[in-house]
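Because the structure is a prediction, the values reported are computed rather than measured. We name chains A, B, ... by the order of the sequence lines, and we start the count at 1 in each one.
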2 protein chains.
Amino acid sequence: MGDPLPPDLFHPACPGVGLPVQIGDKWTGMVLRCLASGPRRFTELRSALRGVTPKVLTETLRAMRRDGLLTRTEYPENPPRVEYALTPLGRSLLDLLDAARRWSDAHLPEVLAARRAYTGDG
Amino acid sequence: MGDPLPPDLFHPACPGVGLPVQIGDKWTGMVLRCLASGPRRFTELRSALRGVTPKVLTETLRAMRRDGLLTRTEYPENPPRVEYALTPLGRSLLDLLDAARRWSDAHLPEVLAARRAYTGDG
DNA sequence: CCGTATCCCTGACGATACTG
DNA sequence: CAGTATCGTCAGGGATACGG
């Protein structure tokens, strides 16, 4: 109750979830899941992440590459082929995503019930 | 390699991290950590989350209350006192936050190294 | 096939001032 | 103390079209 507040709220790792990389943005988590089963081409990702525009997918992949989460391999063929694959670092995030998914599966009903019950009073 | 893509990318739980609640936004995670040690008053939270404006803190707390992550208790005293406390549901999210923090502590150096090594080529 | 180039729009977040 | 009210900014995301 009267305990001191945590002194490390502004740990350099990152405010909020405490992750130095974005997995809470709109597409990064889904890209990680898509690549969990093996390398994928740009178009494969694009169709799996239905609704993503090429611009945004490019931005997402670039940021992930910058952070060492995935690699981009260009094959000098015709037509051109480019493959994206998770690095070990990227793969290590899958555990975290799974934990999030498990929480979600376990508690979504509670959240929805809370939303229905919420009135704004009090 | 040729494995099928995960069929459940658009699970109702939520795109991205797969959470029905926002913990990836700017303040929710930090509020959860602040309340981990016990109930807190509005002003306590405000000073712990240095830089947060009252408007944004109110919005954050309201959303968390709506989702059943915390309760708001008003004590009819003078001066007024209001306490925010985690529900069991909110407390259950602390495990996830800790997992995120552990990932961060373990892998932040790798991420920073990847950023330094990143050139934009290839 | 694999992107880039523009333009636009919304919503999270913040600054500031004020109230029961 | 515990908020509300207004206004403004800015970046993520999207629509659309085009290029190597």
Side-chain angles (χ1 to χ4, degrees), chain A residues 2 5 9-10 14-17 19 21-31 34-35 39-67 70-85 120-122, chain B residues 2 5 9-10 14-17 19 21-31 34-35 39-67 70-85 120-122:
Chain A
L5 288 166
L9 286 177
F10 288 81
C14 162
V17 192
L19 282 178
V21 298
Q22 296 283 15
I23 62 167
D25 68 355
K26 191 159 182 183
W27 302 106
T28 299
M30 287 161 82
V31 170
C34 279
L35 294 179
R40 300 288 175 186
R41 307 176 61 165
F42 188 88
T43 308
E44 287 182 290
L45 292 171
R46 192 183 168 181
S47 69
L49 279 52
R50 48 173 198 257
V52 72
T53 62
K55 175 202 160 205
V56 171
L57 181 54
T58 299
E59 287 167 356
T60 302
L61 292 170
R62 232 201 286 277
M64 294 176 72
R65 196 158 93 89
R66 192 183 84 102
D67 286 345
L70 53 78
T71 60
R72 176 184 184 277
T73 310
E74 213 167 325
Y75 295 93
E77 303 173 356
N78 198 306
R81 182 163 61 100
V82 176
E83 277 192 346
Y84 294 90
D121 304 349
Chain B
L5 289 166
L9 286 177
F10 288 80
C14 158
V17 192
L19 282 178
V21 297
Q22 295 284 13
I23 64 166
D25 68 356
K26 191 160 183 182
W27 303 107
T28 299
M30 287 160 82
V31 170
C34 279
L35 295 180
R40 300 287 175 187
R41 306 175 63 163
F42 188 88
T43 307
E44 287 183 291
L45 292 171
R46 192 181 169 183
S47 69
L49 278 51
R50 49 174 197 256
V52 73
T53 62
K55 175 200 160 206
V56 171
L57 181 55
T58 300
E59 288 168 356
T60 302
L61 292 170
R62 231 200 287 277
M64 293 175 71
R65 195 159 92 91
R66 192 184 81 103
D67 287 346
L70 53 78
T71 59
R72 176 185 185 276
T73 309
E74 213 167 326
Y75 296 93
E77 303 174 356
N78 197 307
R81 182 164 60 101
V82 176
E83 278 192 346
Y84 294 90
D121 304 349

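Residues passing the salt bridge (Lys or Arg N to Asp or Glu O under 4.0 Å) test with Arg41(B), sequence neighbours excluded: none.
Between atom CG of residue Asp121(A) and atom CZ of residue Arg72(B) there is a gap of 10.5 Å, rounded to the nearest 0.5 Å. To the nearest 0.5 Å, the span separating CE on Met30(B) from CG on Asp25(B) amounts to 11.0 Å. The CZ atom of Arg62(B) sits 11.0 Å away from atom CG of Leu57(B), with the distance rounded to the nearest 0.5 Å. Between the CZ atom in Arg40(A) and the CG atom in Leu45(A) there is a gap of 8.0 Å [rounded to 0.5 Å]. Within the model, atoms CD of Glu44(A) and CD of Glu83(A) stand 7.5 Å from one another, a figure rounded to the nearest 0.5 Å. Rounded to the nearest 0.5 Å, atoms CG (Leu61(B)) and CH2 (Trp27(B)) are 12.0 Å apart.
Arg41(B) has a side-chain polar atom (N or O) that falls below the 4.0 Å cut-off from OP1 or OP2 of dA2(D). Phosphate contact (OP1/OP2 of dC1(D), side-chain N/O of Tyr84(B), threshold under 4.0 Å): absent. Between Arg62(B) and dT4(D) there is a side-chain polar atom (N or O) within less than 4.0 angstrom of OP1 or OP2. Here Thr43(B) reaches the OP1 or OP2 of dA2(D): one of its side-chain N or O atoms lies under 4.0 Å away.
Side-chain contact between Arg46(A) and Pro54(A) is present, with heavy atoms from C-beta onward closer than 4.5 Å.
The nearest whole Å value for the distance from the CZ atom in Arg72(B) to the P atom in dG3(D) is 4 Å. In this structure, CG of Leu45(B) is placed 9 Å from P of dA2(D), rounded to the nearest angstrom. For the pair Glu44(B) CD and dG3(D) P, the computed distance is 13 Å after rounding to whole Å.
A nucleotide of DNA chain C counts as in contact with chain B when one of its atoms lies under 4.0 Å from a heavy atom; the first and last such, 5' to 3', are dC13(C) to dG20(C).
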Mind listing the N/O atom pairs, protein and nucleotides 7-12 of chain D, below 3.5 Å?
none

- Item | side-chain contact (heavy atoms from CB on, under 4.5 Å) between Tyr84(B) and Leu70(B), worked out | CA-CA 7 Å; Tyr84(B) 294 90; Leu70(B) 53 78; 3.9 Å; yes

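If you find the closest nucleotide of DNA chain C to Arg46(A) and to Val52(B), the one lying nearer the 5' end belongs to Arg46(A).
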